[in-house]
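Down below is the structure, laid out as C-alpha coordinates.
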Amino acid sequence: MAASAVGPVLDGTVARRVLGYELTRLLADRAVTHGEMAERLGVSRASFTQAVSGKTLLSRASLEVALAHLGAVEVLPRLLHLLRMARRSSSRRAVGDRELVTGLEAFASRIELYDVARFGGLVGDERWRVLAGEGAPELVWLVEEHLANRRQSTSVREQVRRVLGLANVTVQVVPVGLAPELALSGGFEIVHGPAGVVVCEEARSTNHYHDSGAAVAEFRQAFTALRMAAYPPEQSRVLLADT
(Lines give C-alpha, C1' and ligand atoms only; values in the text may rest on other atoms or scores of the structure.)
Protein backbone atom coordinates (compact mmCIF):
# COMPACT_ATOMS: atom_id res chain seq x y z
CA MET A 1 0.00 0.00 0.00
CA ALA A 2 1.56 3.28 -1.09
CA ALA A 3 1.84 5.99 1.53
CA SER A 4 2.23 9.74 1.67
CA ALA A 5 4.26 11.61 4.25
CA VAL A 6 1.38 11.54 6.74
CA GLY A 7 -0.51 8.36 5.98
CA PRO A 8 -1.45 5.50 3.66
CA VAL A 9 -3.52 5.77 0.52
CA LEU A 10 -7.05 4.70 1.40
CA ASP A 11 -10.27 4.05 -0.45
CA GLY A 12 -12.57 7.06 -0.07
CA THR A 13 -15.29 5.18 1.79
CA VAL A 14 -12.73 3.73 4.21
CA ALA A 15 -11.30 7.20 4.86
CA ARG A 16 -14.81 8.55 5.56
CA ARG A 17 -15.43 5.82 8.14
CA VAL A 18 -12.10 6.34 9.93
CA LEU A 19 -12.44 10.13 9.91
CA GLY A 20 -15.91 9.87 11.45
CA TYR A 21 -14.67 7.44 14.08
CA GLU A 22 -11.73 9.67 15.00
CA LEU A 23 -14.01 12.71 15.37
CA THR A 24 -16.51 10.73 17.44
CA ARG A 25 -13.72 9.52 19.71
CA LEU A 26 -12.34 13.02 20.22
CA LEU A 27 -15.78 14.43 21.00
CA ALA A 28 -16.40 11.72 23.58
CA ASP A 29 -12.98 12.16 25.17
CA ARG A 30 -13.58 15.90 25.59
CA ALA A 31 -17.28 15.51 26.53
CA VAL A 32 -18.33 17.82 23.68
CA THR A 33 -21.77 17.20 22.16
CA HIS A 34 -22.70 17.42 18.48
CA GLY A 35 -24.84 20.43 19.29
CA GLU A 36 -21.99 22.27 21.00
CA MET A 37 -19.59 21.61 18.15
CA ALA A 38 -22.18 22.55 15.54
CA GLU A 39 -22.72 25.88 17.29
CA ARG A 40 -18.96 26.47 17.32
CA LEU A 41 -18.79 25.80 13.57
CA GLY A 42 -21.89 27.82 12.76
CA VAL A 43 -23.84 24.91 11.28
CA SER A 44 -26.90 22.96 12.34
CA ARG A 45 -26.60 19.97 14.63
CA ALA A 46 -28.02 17.76 11.86
CA SER A 47 -25.36 18.97 9.41
CA PHE A 48 -22.55 18.23 11.83
CA THR A 49 -23.97 14.80 12.65
CA GLN A 50 -24.10 13.98 8.94
CA ALA A 51 -20.43 14.94 8.62
CA VAL A 52 -19.42 12.73 11.53
CA SER A 53 -21.42 9.82 10.09
CA GLY A 54 -19.68 10.17 6.71
CA LYS A 55 -22.75 11.22 4.75
CA THR A 56 -21.11 14.59 4.12
CA LEU A 57 -17.64 15.99 4.79
CA LEU A 58 -16.42 18.94 6.79
CA SER A 59 -14.47 21.63 4.98
CA ARG A 60 -10.79 21.94 5.77
CA ALA A 61 -11.47 25.19 7.64
CA SER A 62 -14.23 23.57 9.74
CA LEU A 63 -12.02 20.62 10.59
CA GLU A 64 -9.26 22.96 11.73
CA VAL A 65 -11.68 24.94 13.92
CA ALA A 66 -13.15 21.73 15.38
CA LEU A 67 -9.75 20.31 16.33
CA ALA A 68 -8.63 23.63 17.83
CA HIS A 69 -11.80 23.70 19.94
CA LEU A 70 -11.14 20.11 21.05
CA GLY A 71 -7.52 20.90 21.90
CA ALA A 72 -6.35 18.27 19.42
CA VAL A 73 -4.36 20.21 16.84
CA GLU A 74 -1.62 17.57 17.02
CA VAL A 75 -3.81 15.18 15.01
CA LEU A 76 -4.61 17.77 12.33
CA PRO A 77 -2.12 16.45 9.70
CA ARG A 78 -3.51 12.91 9.97
CA LEU A 79 -7.15 13.99 9.86
CA LEU A 80 -6.49 16.34 6.94
CA HIS A 81 -4.95 13.37 5.15
CA LEU A 82 -8.11 11.35 5.86
CA LEU A 83 -10.22 14.25 4.58
CA ARG A 84 -8.24 14.34 1.32
CA MET A 85 -8.64 10.58 0.92
CA ALA A 86 -12.36 10.78 1.72
CA ARG A 87 -12.89 13.32 -1.04
CA ARG A 88 -11.70 10.75 -3.58
CA SER A 89 -15.10 9.09 -3.34
CA SER A 90 -18.49 10.75 -3.81
CA SER A 91 -20.28 7.65 -2.50
CA ARG A 92 -22.87 8.17 0.22
CA ARG A 93 -23.45 4.48 0.82
CA ALA A 94 -23.51 3.26 4.38
CA VAL A 95 -20.10 2.20 5.63
CA GLY A 96 -19.51 -0.02 8.60
CA ASP A 97 -17.25 -2.32 10.50
CA ARG A 98 -15.15 -3.71 7.68
CA GLU A 99 -14.19 -0.25 6.45
CA LEU A 100 -13.23 0.88 9.93
CA VAL A 101 -11.06 -2.16 10.59
CA THR A 102 -9.35 -1.70 7.21
CA GLY A 103 -8.64 1.95 7.94
CA LEU A 104 -7.37 1.39 11.47
CA GLU A 105 -5.05 -1.39 10.29
CA ALA A 106 -3.62 0.86 7.58
CA PHE A 107 -2.28 3.25 10.26
CA ALA A 108 -1.29 0.54 12.76
CA SER A 109 2.15 -0.15 14.16
CA ARG A 110 1.04 -3.46 15.69
CA ILE A 111 -1.98 -5.74 15.29
CA GLU A 112 -2.91 -8.48 17.76
CA LEU A 113 -5.54 -10.80 16.34
CA TYR A 114 -7.41 -13.67 18.00
CA ASP A 115 -9.06 -15.66 15.20
CA VAL A 116 -11.86 -18.07 16.08
CA ALA A 117 -13.88 -18.42 12.91
CA ARG A 118 -12.81 -16.85 9.62
CA PHE A 119 -9.22 -17.99 9.15
CA GLY A 120 -8.57 -17.61 5.40
CA GLY A 121 -10.76 -14.53 5.10
CA LEU A 122 -8.50 -12.78 7.57
CA VAL A 123 -5.51 -12.92 5.25
CA GLY A 124 -7.25 -11.62 2.15
CA ASP A 125 -6.08 -8.90 -0.19
CA GLU A 126 -6.77 -5.87 2.04
CA ARG A 127 -4.78 -7.17 4.99
CA TRP A 128 -2.05 -8.50 2.69
CA ARG A 129 -1.48 -5.02 1.27
CA VAL A 130 -1.07 -3.68 4.80
CA LEU A 131 1.20 -6.48 6.01
CA ALA A 132 3.42 -6.58 2.94
CA GLY A 133 3.57 -2.84 2.28
CA GLU A 134 6.02 -0.13 3.26
CA GLY A 135 6.06 0.50 7.01
CA ALA A 136 4.08 -2.67 7.61
CA PRO A 137 2.84 -3.30 11.16
CA GLU A 138 3.82 -6.24 13.30
CA LEU A 139 1.07 -8.88 13.38
CA VAL A 140 0.66 -11.39 16.19
CA TRP A 141 -2.00 -13.82 14.98
CA LEU A 142 -3.52 -16.37 17.35
CA VAL A 143 -5.47 -19.10 15.56
CA GLU A 144 -7.81 -21.53 17.32
CA GLU A 145 -6.69 -25.13 16.94
CA HIS A 146 -9.91 -26.32 15.35
CA LEU A 147 -9.23 -23.97 12.41
CA ALA A 148 -5.69 -25.27 12.04
CA ASN A 149 -6.98 -28.86 12.04
CA ARG A 150 -9.69 -28.23 9.45
CA ARG A 151 -8.84 -29.05 5.87
CA GLN A 152 -8.91 -25.77 3.97
CA SER A 153 -9.36 -24.92 0.29
CA THR A 154 -6.37 -24.42 -1.98
CA SER A 155 -6.85 -20.64 -2.05
CA VAL A 156 -6.96 -20.43 1.76
CA ARG A 157 -3.84 -22.57 2.10
CA GLU A 158 -2.01 -20.27 -0.32
CA GLN A 159 -3.10 -17.19 1.64
CA VAL A 160 -1.88 -18.68 4.91
CA ARG A 161 1.47 -19.71 3.48
CA ARG A 162 2.24 -16.31 2.01
CA VAL A 163 1.47 -14.63 5.35
CA LEU A 164 3.64 -17.17 7.18
CA GLY A 165 6.48 -16.08 4.92
CA LEU A 166 6.44 -12.50 6.21
CA ALA A 167 9.07 -11.55 8.80
CA ASN A 168 6.67 -9.18 10.59
CA VAL A 169 4.10 -11.92 11.29
CA THR A 170 4.09 -14.24 14.32
CA VAL A 171 1.45 -16.99 14.31
CA GLN A 172 0.55 -19.21 17.26
CA VAL A 173 -2.12 -21.92 17.51
CA VAL A 174 -4.35 -21.81 20.60
CA PRO A 175 -5.30 -25.20 22.10
CA VAL A 176 -8.95 -26.22 21.95
CA GLY A 177 -11.04 -25.29 24.99
CA LEU A 178 -8.91 -22.44 26.29
CA ALA A 179 -11.27 -19.58 25.38
CA PRO A 180 -14.13 -20.69 27.70
CA GLU A 181 -11.69 -20.66 30.61
CA LEU A 182 -11.02 -16.99 29.90
CA ALA A 183 -14.75 -16.20 29.47
CA LEU A 184 -14.25 -15.07 25.88
CA SER A 185 -17.33 -15.03 23.67
CA GLY A 186 -15.57 -14.67 20.32
CA GLY A 187 -12.64 -13.34 18.38
CA PHE A 188 -11.17 -9.88 18.72
CA GLU A 189 -8.50 -7.64 17.29
CA ILE A 190 -6.30 -5.14 19.11
CA VAL A 191 -4.99 -2.37 16.85
CA HIS A 192 -2.17 -0.14 18.06
CA GLY A 193 -2.26 3.10 16.08
CA PRO A 194 -1.29 6.77 16.26
CA ALA A 195 -4.46 7.67 18.19
CA GLY A 196 -3.98 4.91 20.75
CA VAL A 197 -5.25 1.35 21.08
CA VAL A 198 -8.62 0.23 19.73
CA VAL A 199 -10.19 -3.20 20.29
CA CYS A 200 -12.57 -4.61 17.71
CA GLU A 201 -14.69 -7.33 19.33
CA GLU A 202 -16.45 -9.64 16.90
CA ALA A 203 -20.12 -10.35 17.56
CA ARG A 204 -22.69 -12.39 15.67
CA SER A 205 -24.27 -9.54 13.70
CA THR A 206 -21.88 -6.64 14.18
CA ASN A 207 -18.61 -5.60 15.79
CA HIS A 208 -18.13 -3.65 18.99
CA TYR A 209 -15.30 -1.15 19.40
CA HIS A 210 -13.57 -0.35 22.68
CA ASP A 211 -11.04 2.40 23.29
CA SER A 212 -11.47 3.13 27.00
CA GLY A 213 -8.59 2.23 29.27
CA ALA A 214 -10.40 -0.42 31.31
CA ALA A 215 -11.90 -2.25 28.33
CA VAL A 216 -8.64 -2.21 26.37
CA ALA A 217 -6.71 -3.47 29.39
CA GLU A 218 -9.13 -6.39 29.77
CA PHE A 219 -8.68 -7.54 26.18
CA ARG A 220 -4.92 -7.07 26.29
CA GLN A 221 -4.77 -9.21 29.41
CA ALA A 222 -6.84 -11.91 27.70
CA PHE A 223 -4.60 -11.81 24.61
CA THR A 224 -1.49 -12.19 26.76
CA ALA A 225 -3.03 -15.20 28.53
CA LEU A 226 -3.97 -16.81 25.20
CA ARG A 227 -0.50 -16.27 23.80
CA MET A 228 1.22 -17.71 26.85
CA ALA A 229 -0.95 -20.85 26.62
CA ALA A 230 -0.62 -21.21 22.84
CA TYR A 231 1.80 -23.54 21.07
CA PRO A 232 5.19 -21.91 20.32
CA PRO A 233 5.52 -20.20 16.91
CA GLU A 234 7.72 -22.95 15.45
CA GLN A 235 5.30 -25.71 16.42
CA SER A 236 2.35 -23.62 15.24
CA ARG A 237 3.88 -23.16 11.80
CA VAL A 238 4.20 -26.94 11.46
CA LEU A 239 0.53 -27.35 12.38
CA LEU A 240 -0.57 -24.68 9.92
CA ALA A 241 1.59 -26.01 7.11
CA ASP A 242 -0.71 -29.01 6.89
CA THR A 243 -4.00 -27.11 6.68
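Small disclaimer: the values here were computed from a predicted structure and weren't measured.
- Expressed to the nearest 0.5 Å, how far CG of L240 lies from CD of Q172 amounts to 11.0 Å.
- Put simply, the side chain of V171 does not reach to within 4.5 Å of the side chain of R237, judged on heavy atoms.
- Every residue meeting the side chain to side chain donor-acceptor pair (under 3.5 Å) condition with S62, not counting sequence neighbours, appears here in chain and number order: S59.
- In this structure, M228 CE and L226 CG are separated by 11.0 Å, a value rounded to the nearest 0.5 Å.
- For V191, the side-chain contact (heavy atoms from CB on, under 4.5 Å) partners two or more places apart in sequence, or in a different chain, are L104, A108, E189.
- In terms of heavy-atom proximity, A106 sits nearest to L10 at CB-CD2, 3.6 Å.
- Listed by chain and residue number, F219 satisfy the ring pair (Phe, Tyr, Trp, His ring centres under 6.0 Å) test with H210 (two or more places apart in sequence, or in another chain).
- At least one side-chain heavy atom of V101 sits under 4.5 Å from a side-chain heavy atom of Y209.
- With sequence neighbours left out, the side-chain contact (heavy atoms from CB on, under 4.5 Å) criterion links E234 to P232.
- In this structure, the side chains of L58 and L23 come closer than 4.5 Å at one or more pairs of heavy atoms.
- Nearest heavy atoms, V18 versus G103: CG2-CA, 3.4 Å.
- Taking D211 as the reference, R25 meet the salt bridge (Lys or Arg N to Asp or Glu O under 4.0 Å) condition, with sequence neighbours excluded.
- Rounding to the nearest 0.5 Å gives a distance of 9.0 Å between CG of L166 and CG of L139.
- Residues that satisfy the side-chain contact (heavy atoms from CB on, under 4.5 Å) test with V75, not counting sequence neighbours, are L26, L67, A72, R78, L79.
- In terms of heavy atoms, E144 sits closest to V173 at C-CG1, 4.4 Å.
- Residue T24 holds its OG1 atom at 10.5 Å from CG of D29, rounded to the nearest 0.5 Å.
- Counting all heavy atoms, side chain and backbone alike, P137 lies closest to E105 at CG-O, 4.5 Å.
- When atom types are taken as modelled, the side chain of H81 and the backbone of P8 share a donor-acceptor pair closer than 3.5 angstrom.
- Proximity of a side-chain donor or acceptor of T170 to a complementary backbone N or O of V140 within less than 3.5 Å is not detected.
- Residues passing the side-chain contact (heavy atoms from CB on, under 4.5 Å) test with S47 are V43, S44, sequence neighbours excluded.
- The shortest side-chain heavy-atom distance between V9 and R88 falls under the 4.5 Å cut-off.
- Residues Y114 and F223 share a closest heavy-atom pair of N-CE1, 4.1 Å.
- Nearest heavy atoms, R30 versus L70: NE-O, 2.8 Å.
- Every salt bridge (Lys or Arg N to Asp or Glu O under 4.0 Å) that E138 has, sequence neighbours left out, goes to R110.
- Counting only residues at least two apart or on different chains, no salt bridge (charged side-chain N to carboxylate O under 4.0 Å, His left out) pair has a member in residues 32-43.
- E22 CD to L27 CG: the interatomic distance, rounded to the nearest 0.5 Å, is 11.5 Å.
- Checked against salt bridge (Lys or Arg N to Asp or Glu O under 4.0 Å), R60 has the following partners two or more places apart in sequence or in another chain: E64.
- Taken to the nearest 0.5 Å, the CZ atom of R45 stands 11.5 Å off from the CD atom of Q50.
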Test log, rule side-chain contact (heavy atoms from CB on, under 4.5 Å), inputs H69 and L41: CA-CA 10 Å; H69 182 63; L41 298 178; over 6 Å; no
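- Residue pairs meeting the salt bridge (charged side-chain N to carboxylate O under 4.0 Å, His left out) criterion with at least one partner in residues 212-225, sequence neighbours excluded, are absent.
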Verdict with supporting geometry, L142 and R227, side-chain contact (heavy atoms from CB on, under 4.5 Å): CA-CA 7 Å; L142 303 184; R227 191 173 185 189; 4.2 Å; yes
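- Applying the ring pair (Phe, Tyr, Trp, His ring centres under 6.0 Å) test to every pair with at least one member in residues 11-38, sequence neighbours left out, gives these pairs: H34-F48.
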